[in-house]
Amino acid sequence: MQEAMIKRAKELLADGSVDRVIGWKRGEFAYDMTPAVFTSAEELDSEFIFDDFTSANVSKYLVKETAKEGKILAFLKPCDTYSFNQLIKEHRIDRDKVYVIGIPGGPKLDIEKIKAKGITGILSVKNEDYTLKIETLYGEETMPFSEAILDKCASCKSKKHVVYDELIGEDGDVLDSNRFDMVEKLENMTAQERFDFWRDQLSKCIRCNACRNVCPACTCENCVFDNPKSGIDNKAPADSFEENMFHIIRAFHVAGRCTDCGECSRVCPQHIPLHLLNRKFIKDINELYGEYQAGADTTSRAPLNTYTKDDCEPSIVHERGVE
Amino acid sequence: MLKISKSKLNELFDAVSAKQTLYIPADREAGAAEYRKYEKGMELTSELNTVRSAKDFFFPQTENLADFKIEGKTIEVKDVREECEDFVVFGVRACDARSFTILDKVFLCEPVDSFYKNRRDHGTVVTMACTRPSETCFCQTFGIDPTVPEGDAACFDDGENIFFKANNEKGQKFIDSVASLLEEGDTSKLDEVQAKTKAIMEKLPLAKLSTENFGGDKLNEYFSSDKWAELSQACLGCGTCTFVCPTCQCYDIKDFNTGHGIKRFRCWDSCMYSDFTKMAHGNPRLTQLERFRQRFMHKLVYFPANNDGEFGCVGCGRCLSKCPISMNIVKVMKALEVK
Amino acid sequence: MQVNENFEPVIVAFCCNWCSYAGADLSGTNRLNYPSNVKIIRVPCSCRVNPMFILRAFQKGADGVIICGCHPGDCHYTSGNYFTRRRITLLYSMLDFLGIERNRTRLEWVSAAEGAKFAATMEQFTADVKALGPNRRLEDLRCRKQ
Amino acid sequence: MQRIGVFVCHCGTNIAATVDVKAVAEALGHEPGVVISQDYQYMCSESGQELVKNAIREQKLTGVVICSCSPRMHENTFRKAAASAGLNPYLVEIANIREQCSWIHKEVANATDKAIILGKAAVAKVHLNTPLNSMESPVVKRALVIGGGIAGIQTALDIAEAGFDVDIVEKQPTIGGKMAQIDKTFPTLDCAACILTPKMVEASQNERITIHSFSEVEDVKGFVGNFTVKIRKKARFVDETKCTGCGLCTEKCPMKKVPNEFNLGLDNRSAIYIPFAQAVPKVATIDPNYCMMMKTGKCGVCSKVCSVGAIDYKQQDTIIEQQYGAIVVATGFNPINLDKYDEFAYNQCPDVVTSLELERLMNAAGPNGGTLLRPSDKSHPHTIVFVQCVGSRCDDEKGKPYCSKICCMYTAKHAMLIREKYPDTEVYVFYIDVRTPGKNFDEFYRRAVEQYNVHYIKGMVGKVTPKSDGKIDVQASDLLANEQLHIDADMVVLAAAIEPDKTARPLATMLTTQMDTNDFFTEAHPKLRPVESATAGIFLSGACQGPKDIPETVAQGSAAAAKAIGLLCKNSITCNPCVAHSDELMCNGCSSCEKVCPYGAITYIDKEFRMPDRTTKVRRVASVNPAVCQGCGACTVACPSGAMDLNGFSNSQIMAEVDAICK
């Protein structure tokens with residue numbers, strides 16, 4: 001796959017179809033790839049990488065990249081194409097300046113899951129028939145591939161590219177995922193249990209803003225949390241209330257816009273399952289206002305920017321589930 | 001050397017925590033440890049290090065500085081400083097222990113930060129030597145020997161026993177306070193463990209990383225390097241690296257209106273943020289490139305220039321594993337280095 | 001649940017200018033008593049109520065927040081309350097998801113003619129919040145009254 | 001530094017009986033920024049207002065808080081008073097301590113505490129008030145009426161009568177609309193043409209009215225008082241200014257087999273045609289789909305016979321751009337398409353017709369010259385069955401959920417006319433309900449039953465089957481007698497539901513007006529503002545807003561005209577300054593705000609920004625038209641970045657009130 005991608009990228013660069021390529025660059029270790037822009041065949045040959053660890057969603061970078069001159073080639077996984085479409089819909093990306101090549105999605109690996117098994121001093125990770133052979137300073141370790149999959153990939157919603165100019169590899173289908181299972185589990189808890197669960201999780205928040213800054217839906221020129229004029233700006237969770245507020249408001253601001261790409265939870269240094277907040281909104285929207293997948297198209301109206309006259313009343317919240 | 005059998009370690013913890021607050025690194029979940037206030041039965045983590053650094057003990061993320069009480073049209077200023085109670089932080093790694101030296105240079109120079117000093121005076125740091133360094137470790141780059149950590153007192157693990165050594169008076173006081181639980185032990189196995197660790201250190205992927213070409217004298221070359229654009233390209237401008245960093249010491253001071261008064265507090269800030277040091281005229285560093293450059297220039301050039309060659313990094317590797325886009329000081333040093 | 005007889009909750013009511021605020025005025029004109037815990041903030045339309053305002057109220061010491069607007073279909077601005085209905089449904093659902101007591105938040109449609117409904121709604125809501133006791137799950141400790 | 005004045009009203013004893021007004025004034029006097037805090041018997045009285053005005057002048061106040069009755073009562077009074085003392089009226093806030101305090105609480109301590117809190121909230125808010133100035137926006141003294149049916153004609157005539165220029169845009173070659181196709185009108189049975197055509201002529205002769213026939217609205221920009229509209233005048237290949245309407249070309253045209261739209265395809269017309277004798281403008285139009293000259297380049301007969309040389313085969317569409325102060329939508333209705341109603345054999349049997357087709361069949365200018373004959377064999381029908389509610393009051397997707405309103409009455413009219421003219425004909429009407437509210441309507445219906453012996457049968461027609469002998473079998477149920485019926489009919493007439501003109505949907509988008517799920521235009525208020533759309537300056541006339549009969553349509557046409565005239569009379573409109581505005585530096589241009597704006601007040605502009613690194617960047621940002629915005633605030637919450645805020649009810653103002661109440 002990586003070879004095919006590099007080959008195609010070089011062709012498009014050579015014939016002048018694109019000026020730049022966005023993809024992933026190899027790092028120091030087996031797993032620390034950085035999203036990067038390539039401008040030459042040499043760079044592509046020496047540094048471009050696509051493997052089980054290239055999980056970062058590069059679509060948000062296109063906001064910045066399409067503001068520049070020239071055309072850029074973007075390699076997008078199925079989940080990334082949803083983010084891309086949503087950004088097109090919100091006029092944040094200039095579609096004409098991007099050449100999209102759809103590439104197969106994951107499942108991608110989560111190095112933290114490997115490390116959580118106590119495996120350290122990792123020198124290389126090889127996938128041999130869905131068993132990971134991990135070479136470490138302390139000898140070789142193995143673990144099943146399935147146990148090291150990123151959470152966001154484990155509940156993949158779609159293998160289908162919703163937008164592309166060409167594909168490398170086959171296109172897939174929208175999947176019948178189990179992504180709402182955990183939300184449902186929480187819904188079935190008592191309010192006290194839910195409160196305890198979230199307090200335990202959100203109290204870990206260090207307000208590093210990684211979730212916000214990686215989020216393709218969070219492309220505000222100036223976030224309300226950075227803007228002293230907003231009245232709710234803050235830099236640190238100085239009180240448990242502020243931990244709650246930041247995450248509630250952030251989830252609300254991306255409600256109906258979040259494509260469920262899962263990047264927020266992937267990048268959280270404290271492993272807070274932030275995607276559950278977004279998924280709760282998605283589940284509610286699906287149940288109350290009809291199935292809606294943000295980013296699936298560029299024309300439909302976002303559920304919070306529309307209504308029907310017979311929408312349910314907010315009291316439905318009080319009537320269903322467990323108190 | 002005085003030692004305690006690892007099976008009896010909790011007795012020692014119980015004894016310490018009976019007298020003062022004790023913090024130990026414990027598992028929050030598989031693969032993620034954090035410092036926690038010791039409670040009976042709490043296990044020491046098997047992780048190499050905590051996700052958040054130990055700097056919180058002396059420089060917490062938020063800290064109240066003063067209260068203002070508004071009564072009609074008058075404002076009363078309330079001093080909220082209180083003498084801190086004694087506490088012990090156990091199990092600090094060599095890298096984090098060194099970070100206190102760096103923070104001391106910032107906070108204890110004139111004018112002394114009394115909030116920091118208060119905590120520092122009352123805290124005893126008991127370090128723990130490393131035996132299983134990770135691939136992300138590069139403390140040796142900064143002259144740190146993880147097998148012989150600094151701190152008020154140091155501990156060494158030979159697999160069965162924990163050995164204790166005082167590095168200063170405060171450390172000795174700590175050891176004395178638990179002396180009844182300790183016994184003299186044979187360190188031959190410990191020497192073996194240390195040798196083994198040292199051998200692993202040689203083989204670490206980042207073992208060859210050197211600060212030789214960094215420091216205050218290379219300011220212009222590094223500042224105007226054309227590498228910054230490429231390095232900062234993918235930076236999200238989040239504060240993860242800063243907040244997990246044991247040496248980052250920038251903070252902001254803000255006022256919070258509680259409804260019945262104002263709380264003036266400080267909180268960590270990140271030079272990666274677009275509103276960092278924002279002033280009336282705007283932000284002195286306008287682009288992410290400048291902000292990104294600032295962070296690494298500070299650690300690799302400005303800080304050593306102002307602090308007798310001491311770098312603003314201890315090689316703990318936290319930013320290497322936590323940066324959402326895997327950009328970090330190692331990649332910067334390698335890309336930037338002018339020989 | 002233990003009810004603290006002395007507990008007087010702080011209740012913020014956001015009322016749209018055209019229906020509910022007028023409805024509140026009407027309950028005054030008709031001298032219909034409701035608890036003084038309720039303090040009304042006038043907004044042009046219920047769709048002006050930003051979730052930030054609701055959270056802010058809880059942060060600063062409110063124990064309950066209620067939003068009142070025109071009945072669906074009667075919005076002075078034709079569609080405002082339809083947007084309110086979706087937004088607030090989702091917000092309340094999220095608060096519930098985080099384990100915040102359901103009875104601390106409410107939305108009611110009160111027309112300019114429904115003075116009696118306004119008073120009865122406020123009476124009931126105040127009683128519900130009183131039964132819950134002080135807001136602890138969504139409070140800012142710094143703002144707690146000493 | 002703020003200098004705020006607080007004025008606490010006793011309202012006689014209305015407030016003072018339960019609120020300790022002195023204590024309120026005292027407490028609020030200690031609030032930050034408050035420099036004077038007074039109480040007075042009646043603050044709204046002349047002398048009370050004088051007190052406020054003097055304080056504004058003497059204390060150089062920057063803000064005023066009045067603790068009194070509801071702002072709905074006296075906000076304007078105090079704003080005017082402030083303005084007269086030189087303070088911007090929007091620097092006044094009212095704390096409602098009467099309706100929302102003294103009148104509902106009985107204990108003085110309680111009520112006083114609450115009054116103080118409400119006062120503090122108002123003080124906190126007024127700290128953040130900014131002077132607001134109402135914008136004046138000029139009004140173009142010209143109206144546009146879209147649609148030239150009876151609704152549009154009536155509206156245009158009334159507006160012209162009031163002395164304003166008005167343009168009618170009609171997509172057909174002639175004005176007149178559906179009413180021109182109708183034979184007689186209920187309940188008076190006068191001839192539709194006799195009452196409509198004089199109005200059409202009046203419209204064409206009125207010098208203030210310009211008729212753009214065979215034209216469509218292409219684009220609408222602007223806002224109330226100042227719309228810019230592009231009108232596409234479709235090429236009719238005949239020079240309107242030269243054509244005299246003599247009709248010679250239509251006689252000589254060799255292509256005569258074109259289905260005649262005006263007679264609903266029941267007969268044919270020529271390729272060059274004038275829809276009907278009384279058409280306005282009476283100008284020929286060439287149908288390029290049938291014209292031999294246009295299709296093959298061989299013919300040119302019309303050009304040869306035209307004595308004034310009006311024929312122009314090369315004519316192109318032209319675009320007219322015009323400015324208007326007001327726009328009236330009168331796009332009317334159509335009967336629904338009955339293709340899906342196989343059970344009524346509409347497509348299978350020519351003798352199954354719609355009511356509108358029946359109108360043409362009975363009309364003297366219709367295909368049969370006014371004699372009712374079966375379309376199939378031109379024989380005289382002896383048994384006619386009328387089927388009501390075809391597609392109306394229907395739950396399935398084929399039909400419409402609503403009642404089409406006019407069918408009961410026109411069917412009674414048809415039945416009566418047939419029985420009157422052809423007494424040997426049996427007429428059956430199958431109905432669900434007969435709905436006859438309206439002046440003289442029920443009397444009319446009863447005449448049909450009692451005087452003309454029309455057989456009204458409550459029941460549904462299940463199936464209509466053409467038979468080989470030319471008869472039509474109508475299978476139906478009689479619900480009252482509870483029996484199945486078979487009627488051997490000669491003709492079946494279907495009362496097809498009516499629906500708003502489908503082509504109006506893009507127009508609604510252009511006008512930023514709303515349509516309901518059935519594509520009827522939505523009025524600003526169903527009871528109190530029935531002829532206005534929610535968008536200022538756009539008015540609704542006739543059946544585009546909902547099913548209507550002729551008298552109602554005319555009444556609404558005149559009502560819409562009155563509203564438009566009311567607007568056009570003004571030289572400028574004063575806009576409410578409490579409108580939304582976008583901070584362009586923060587705006588992302590994501591379009592969320594635009595999507596929730598009920599007025600179309602938000603547009604996007606590409607704006608150049610100087611970037612921090614001294615480069616420039618063009619970004620799409622929202623821009624609110626203050627003349628169109630009504631200040632609901634929907635956009636402020638839709639905006640994730642907080643760029644959108646509302647004057648008079650800003651985020652910071654509302655949060656200040658929240659803080660004051662909660663502390």
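Numbers restart at 1 for each chain; the letters A, B, ... are given by sequence-line order, proteins then strands.
- Other residues, nucleotides and ligands contribute more than 12 heavy atoms inside 6.0 Å of the CD atom of B:E29.
- The minimum heavy-atom distance between C:K60 and B:N257, with the atom names listed, is NZ-O, 3.1 Å.
- In this structure, CD1 in B:I262 is found 11.0 Å from CZ in C:R142, a value given to the nearest 0.5 Å.
- For the residue pair B:H260 and C:R144, the shortest heavy atom distance occurs at NE2-O, 3.1 Å.
- Heavy atoms from other residues, nucleotides or ligands lying under 6.0 Å from NZ of B:K117 number 12 at most.
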